[in-house]
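Owing to the predicted nature of the structure, the values given are computational and were not obtained by experimental measurement.
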Amino acid sequence: MGYGELIIRSYDVQTDRLRVKDLERRCEVGPSERVFLFTDTLGDPICRIRNSPMYKMLVAELGNKELVGVIQGSIKRVTIHKPTEELAKVGYVLGLRVVPLHRRKGIGLRLVRKLEEWFISKDVDYAYMATEKDNEASVKLFLEKLGFIKFRTPSILVHPVNNNRVFRTPPNVEIARLNVEEAEKLYIKFMASTTEFFPYDDIGNILRNKLSLGTWVAYPRGHVFGSNMDVLPKSWAMLSVWNSGELFKLRLEKAPLSCLIYTESSKLIEKYFPCFKLPSIPDFYNPFGFYFMYGVHKQGPLSGKMVRTLCKYVHNMATNNKDCKVIVTEVGGNDDSLRVHIPHWKLLSCPEDLWCIKALKNEKKKTLHELTKIPPTIALFVDPREV
């Protein structure tokens with residue numbers, strides 16, 4: 001490369017923290033016609049994996065001590081639904097960054113392979129990652145060079161927080177907050193056997209994390225929601241909320257002109273013609289936080305209404321947090337029965353995120369092939385610690 005030998009090693013907080021921050025800033029350079037969502041880690045480069053059961057960050061350094069790439073990974077046990085297996089150990093690949101000057105030199109490839117070596121040393125069954133469907137460089141790297149295969153295409157749903165609007169709970173709907181023990185019991189009872197990537201061993205730790213704001217259920221008023229979870233209404237819904245803004249901030253740059261025009265015009269309309277009830281898009285050009293709704297589940301013929309009511313309840317919560325600009329959730333791409341009941345703006349949402357997966361053990365390759373051929377008819381659990 002002309003800069004000396006490339007060394008890939010573990011991240012050192014004492015010597016690398018500021019250098020990684022500088023690397024992320026250098027990675028913000030991109031084509032002017034694209035929209036970029038940048039992450040401010042608030043001085044903690046491993047904030048997105050710190051709450052995982054097991055995690056690692058690697059850096060790529062040239063002989064001249066220049067940091068040119070980073071990658072992160074986390075490990076946990078989850079449900080993988082196929083006849084021969086209930087739980088599997090999976091490694092999540094995220095945060096791959098290579099500075100523009102050193103791209104197309106194989107650095108990203110070497111970083112992923114080094115992370116896979118760590119996964120294998122920890123007896124991981126499968127590695128998986130998520131990327132934008134139209135990110136050609138990422139898709140080519142993981143699918144063509146690293147042997148990953150397409151697994152699921154969940155939808156990322158984003159709804160802006162309008163601080164001037166408060167939703168009322170319908171008079172025929174009751175909302176109750178569950179304690180951690182109740183929420184854990186309910187999730188295991190209804191999601192562990194029907195949901196892909198459900199963290200069976202770890203759901204209690206997620207719910208008890210300080211970033212998890214709580215779990216709520218909605219059900220028809222007048223019905224009983226037993227504290228022992230043995231007596232439940234015919235229709236109900238539940239979800240939990242994670243405050244991602246406490247970990248890192250986001251900001252938008254190079255937004256399309258149409259988005260800018262809509263943002264400014266909607267603010268003017270809201271200011272001078274409030275009767276139109278048109279919510280304005282928040283200021284995304286300065287760093288902002290967001291709430292992530294996870295574990296969204298519903299049961300019964302009236303449960304869609306319960307989901308909508310809970311989402312509006314979370315919106316009201318977010319209006320009390322000046323830092324929170326949007327509410328985000330992610331659902332299985334084929335789960336229209338759930339997606340249609342979650343308020344979101346198409347302008348801000350991503351209809352098809354792409355999850356890719358790879359078997360790290362020879363005996364898992366056959367079962368993985370069988371798994372990917374099964375239509376994604378069951379729900380998908382998105383771990384808030386990996387958002």
Side-chain angles (χ1 to χ4, degrees), residues 1-50 55-74 91-119 127 129-148 247-256 284-287 350 353-354 356 358 386:
M1 295 182 183
Y3 297 91
E5 181 184 1
L6 181 73
I7 299 172
I8 296 178
R9 56 172 176 80
S10 296
Y11 166 79
D12 185 318
V13 64
Q14 298 296 327
T15 60
D16 295 333
R17 185 175 63 85
L18 294 178
R19 301 169 71 203
V20 170
K21 183 177 180 180
D22 178 66
L23 180 146
E24 291 176 341
R25 179 188 59 78
R26 292 160 65 193
C27 288
E28 293 181 357
V29 178
S32 59
E33 68 273 9
R34 287 195 58 187
V35 180
F36 287 88
L37 193 61
F38 296 127
T39 302
D40 181 354
T41 59
L42 305 177
D44 182 11
I46 59 173
C47 64
R48 292 180 64 191
I49 55 174
R50 184 177 292 281
Y55 59 86
K56 193 177 191 67
M57 183 173 183
L58 299 173
V59 299
E61 183 181 58
L62 292 177
N64 62 356
K65 302 301 181 181
E66 178 189 4
L67 224 59
V68 294
V70 295
I71 195 171
Q72 300 179 32
S74 62
Y92 183 50
V93 181
L94 75 160
L96 177 60
R97 301 280 188 275
V98 177
V99 295
L101 180 63
H102 294 283
R103 290 173 185 168
R104 303 180 187 278
K105 298 178 180 179
I107 296 175
L109 179 68
R110 290 182 59 180
L111 279 167
V112 179
R113 284 181 172 163
K114 196 70 174 179
L115 188 63
E116 286 182 351
E117 290 178 11
W118 178 65
F119 287 159
M129 52 79 68
T131 187
E132 297 175 6
K133 190 177 180 180
D134 61 351
N135 187 334
E136 295 181 4
S138 181
V139 171
K140 184 176 181 179
L141 172 63
F142 283 91
L143 269 62
E144 297 182 14
K145 296 183 179 181
L146 287 162
F148 282 69
L247 284 180
F248 60 90
K249 307 298 182 189
L250 301 174
R251 78 177 190 279
L252 190 69
E253 287 194 6
K254 299 176 183 175
F284 293 144
Y285 307 105
N286 290 308
C350 173
D353 197 21
L354 177 61
C356 302
K358 175 183 181 179
E386 297 175 348

I need the Asp353 CG to Asn135 CG distance, nearest 0.5 Å. 10.5 Å
What is the distance from atom CG of Leu141 to atom CG of Leu96, rounded to the nearest 0.5 Å? 6.5 Å
Cys47 and Phe248: which non-hydrogen atoms are nearest, and at how many Å? SG-CB, 4.0 Å
Roughly how far apart are Glu61 CD and Leu6 CG, rounded to 0.5 Å? 9.0 Å
With rounding to the nearest 0.5 Å, note down the distance linking OH in Tyr92 to CZ in Arg48. 6.5 Å
Between Arg26 (side chain) and Pro100 (backbone), is there a donor-acceptor pair under 3.5 Å? no
Rounded to the nearest 0.5 Å, how far does CG of Leu58 lie from CZ of Arg9? 10.0 Å
Counting C-beta onward and ignoring hydrogens, is there a side-chain heavy-atom pair between Val112 and Lys145 closer than 4.5 Å? no
Please list, chain by chain and in numerical order, all residues satisfying side-chain contact (heavy atoms from CB on, under 4.5 Å) with Cys350, sequence neighbours excluded. Ile156
At their closest point, which heavy atom of Leu23 faces which heavy atom of Val99, and how far apart are they? CG-CG1, 3.7 Å
Of the non-hydrogen atoms in Ile46 and Tyr55, which two are nearest, and what is the gap between them? CD1-CE1, 3.8 Å
Partner of Val20 under side-chain contact (heavy atoms from CB on, under 4.5 Å), chosen from Leu67, Asp44, Val13: Leu67
So which atom in Ala60 and which in Ile107 form the shortest heavy-atom distance, rounded to 0.1 Å? CB-CG2, 3.9 Å
Going from CZ on Arg50 to CD on Gln72, what distance comes out if it is rounded to the nearest 0.5 angstrom? 10.0 Å
Does any part of the side chain of Ile71, heavy atoms only, come nearer than 4.5 Å to the side chain of Lys114, both counted from C-beta? no
What is the minimum heavy-atom distance between Leu111 and Arg97, and which atoms define it? CD1-O, 4.4 Å
Would you mind checking if Glu116 and Arg113 are paired as a salt bridge, meaning a charged N to carboxylate O distance below 4.0 Å? no
Show the numbers, then the answer: is there a salt bridge (Lys or Arg N to Asp or Glu O under 4.0 Å) between Asp16 and Arg19? CA-CA 5 Å; Asp16 295 333; Arg19 301 169 71 203; 3.2 Å; yes
Partners passing side-chain contact (heavy atoms from CB on, under 4.5 Å) against Thr15 (at least two apart in sequence or in another chain): Asp12
Which heavy atom of Gly147 sits nearest to which heavy atom of Lys358, and what is that distance? O-CG, 4.0 Å
What residues form a side-chain contact (heavy atoms from CB on, under 4.5 Å) with Val139, not counting sequence neighbours? Thr131, Leu143, Leu354
Donor-acceptor pair between Thr41 and Lys21 side chains, under 3.5 angstrom: no
